[in-house]
There are 2 protein chains.
Amino acid sequence: MTVTLADVAARAQVSPATVSRVLNGNYPVATATRERVLRAVDELDYVLNGPASALAAATSDLVGILVNDIADPFFGIMASAIQSEIRGPGGRAGGERLAVVCNTGGSPERELTYLTLLQRQRAAAVVLTGGAVEDCAHKEAVGAKLSKLAAAGTRVVLCGRPPAPEAIALTFDNRGGAQRLTEHLIGLGHRRLGYVAGPEERTTTRHRLEGHRAALAAAGIEDDPRLTVHGGYDRRAGYEATLELLRREPSLTAVVAANDTVALGACAALRAFGLRIPEDVSVVGFDDLPFAIDAVPALTTVRLPLAEAGARAGRIAMGREEPPPGGIAMVPGELMVRGSTGAPRD
Amino acid sequence: MTVTLADVAARAQVSPATVSRVLNGNYPVATATRERVLRAVDELDYVLNGPASALAAATSDLVGILVNDIADPFFGIMASAIQSEIRGPGGRAGGERLAVVCNTGGSPERELTYLTLLQRQRAAAVVLTGGAVEDCAHKEAVGAKLSKLAAAGTRVVLCGRPPAPEAIALTFDNRGGAQRLTEHLIGLGHRRLGYVAGPEERTTTRHRLEGHRAALAAAGIEDDPRLTVHGGYDRRAGYEATLELLRREPSLTAVVAANDTVALGACAALRAFGLRIPEDVSVVGFDDLPFAIDAVPALTTVRLPLAEAGARAGRIAMGREEPPPGGIAMVPGELMVRGSTGAPRD
DNA sequence: TTGAAAGCGGTACCAT
DNA sequence: ATGGTACCGCTTTCAA
């Protein structure tokens, strides 16, 4: 049968309480005793029972990370950064925390389901990453869940989505970044810009679009609604949206994509159309994904220190860093131009 | 305080046992009773206590997925597919399983640590993805851990690494794929091929390299050791290894990369050197990542049905699919040529 | 079909 | 510094 703490106690000739104290290291234990216990642990090849421990202590070592699309490197980088931040002291039983990466696929229902699952597991912390769905009912449901989680002692962090009273937030400057991206193209002389937006009803989609429109307005360019096409935050969506843009307005000289993954799809569509980048059409994308660098020499991106943002989220989640004033930290975008986005042809 | 199962029982005027049976749905309960219980659950907003449940039932709903690099889309795709496969009936309390994506970073120690953590959590299943480290001691340690996990009722699946007696394996044809990749270039007339290998002591690295060498040998091309450079499975490593290759042999006409991410780095390095792809140098990579498609029109890849492989791993992990004969299933690669890898210049 | 009650394996308070 | 021991909340025989 499986070895229990009592077995270890018996072998080390101490009480279960002492073994527990040694294992958790949060209580003074005589050195000789500790060694005896550790030896017994080793000899019996004892492994702590997580559920039992979590039950008794009313908390677990799990840290939930909700992402909209785990196959998107954007979230992989975030998750990676958070994960590398949650290790270290403070956790139970050896200080090892387990990151639980949950893939919501952008679905509101699954988001709630996962939050319930994490609540059920008595997670130590929960980090929600990426844009949030802008649906009133859903927003309320999530808010209620987060409140309950927080009340139960789970630390809650929002990363890349608007702040909420229930949690600490780490936000990106989506509006500002998008605005500067479009300004950059306008500065090069572009006037007919296609915009490949993200999914409707997503905060990131709306904010970035607002930034784009602000830049157009500031330059006195009419905002033709036909030049904005919505779709998912994936490559295929970028591909199809761009084809649609070309159908609607074959003479456009630049395409702004709501994120890098979408930008890749846009590039593919342009090429499929026989257009060269950036000689015929310039393409810019939001975010700063390593792989996008190679997609096309002239890809321009707004650099978001994603890894750093993720690391900060992790630190905040684990309570190592003082929550920012008002519970909100803003991570500004930093414009980065790679190669040259060409000037318009005609 | 938090609502417990006993509270629900009291409100529904039944015993805790009945509530438990309703929640787990694995026992006959009168319809009227069930409804009364469910109403109480709803009214009290009851959430099952996972640890308590796991403790009593001696098993949990957690499914561990070990990946070498969560920021690499390759693993994101795998994890995503597995995650979407593990839902459904069979799990405890509502059939909802929680995928735990663990990022080992390719480190043997962390791999073992995570396995221990999952063992501690009494995980329902564990899926190890990607190439394994080829160190005898480590291999033994992992084998021992897996045996214990299996003995404790955890299903163990290996996906993309060599089979082991302790588990069911789902393998890729690394040797064959790599061989055909190189054969393809040789067929185009290339004779001076650089090979950007993965990290040393990794099964995938060795097998793909073996395939490459087999192709060279079959074509009667000398295997110059200077034309093989090792590095990590990331973009930066591919970049640096390619620079090193160019330094050693400026006249090479093609580069074979051990995976797509590395291929991207190789492309970047060639461009930094002022070389055009594929006019000056052809590049091919292993795997089939969506983003790689856009990196350069002529990128050639070996197509691995990653999502399907991941899904199968998930199914096997959950016992929905019969383990393959001998516990091993082979997922063959399928050569896919995109655009044209050019013939050598001279 | 339902209830009673004995664990499951630790934790942490209270003693000593 | 260490031991004794009530719980933690749910599952699951065994009875009724």
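Worth knowing before you read on, the calculation uses all heavy atoms, side chains too, and leaves out hydrogens, waters and symmetry mates. Chain letters run A, B, ... following the sequence lines, proteins first and then strands; every chain starts at 1.
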Within this structure, what is the [atom1]-to-[atom2] distance between [X] and [N], rounded to whole angstrom?
X: A:Leu5; N: C:dA12; atom1: CG; atom2: P; answer: 12 Å
X: A:Leu48; N: C:dC8; atom1: CG; atom2: P; answer: 16 Å
X: B:Arg122; N: C:dG10; atom1: CZ; atom2: C1'; answer: 11 Å
X: B:Asp7; N: D:dG9; atom1: CG; atom2: P; answer: 9 Å
X: B:Glu35; N: C:dT1; atom1: CD; atom2: C1'; answer: 16 Å
X: B:Leu55; N: C:dG7; atom1: CG; atom2: P; answer: 14 Å
X: A:Asn24; N: D:dA1; atom1: CG; atom2: P; answer: 17 Å
X: B:Arg36; N: C:dG3; atom1: CZ; atom2: C1'; answer: 13 Å

Taking the side chain as everything from C-beta on, heavy atoms only, tell me whether [X] gets closer than 4.5 Å to [Y].
X: A:Val101; Y: B:Ile70; value: yes
X: A:Thr154; Y: A:Arg122; value: no
X: A:Asn49; Y: B:Leu55; value: yes

I'd like to know if [X] and [Y] make a salt bridge, using a cut-off of under 4.0 Å between side-chain N and carboxylate O.
X: A:Arg312; Y: A:Glu308; answer: yes
X: A:Glu85; Y: A:Arg320; answer: yes
X: A:Arg155; Y: A:Glu166; answer: no
X: B:Lys139; Y: B:Glu134; answer: no

Look at [X] and [N] and indicate whether a side-chain polar atom (N or O) is within less than 4.0 Å of OP1 or OP2.
X: B:Asn49; N: D:dC8; value: no
X: B:Ser53; N: D:dT11; value: yes
X: A:Thr33; N: D:dT2; value: yes
X: A:Ser20; N: C:dA12; value: no

So, [X] versus [Y]: side-chain donor-acceptor pair below 3.5 Å or not?
X: A:Glu109; Y: A:His138; result: no
X: A:Thr18; Y: A:Ser15; result: yes
X: B:Gln119; Y: B:Lys145; result: yes

**Request:** Output the single nucleotide from D:dT12, C:dA12, D:dG9 whose closest atom is nearest the side chain of A:Ala57.
**Result:** C:dA12

**Request:** Measure from the side-chain heavy atoms of B:Ala56 and tell me the nearest of D:dT11, C:dG9, D:dG3.
**Result:** D:dT11

**Upstream residue (5' side of DNA chain D) when B:Gly50 and B:Tyr27 are each assigned their closest nucleotide** = B:Gly50

**Item:** For DNA chain D, the residues among residues 10-19 of chain A that have a non-hydrogen atom under 4.0 Å from it
**Value:** A:Gln13, A:Val14, A:Ser15, A:Ala17, A:Thr18

**Asked** How far does the helix from C:dT1-D:dA16 to C:dT16-D:dA1 bend, going by the axes of its first and last five pairs, to the nearest 10°?
**Response** 30°

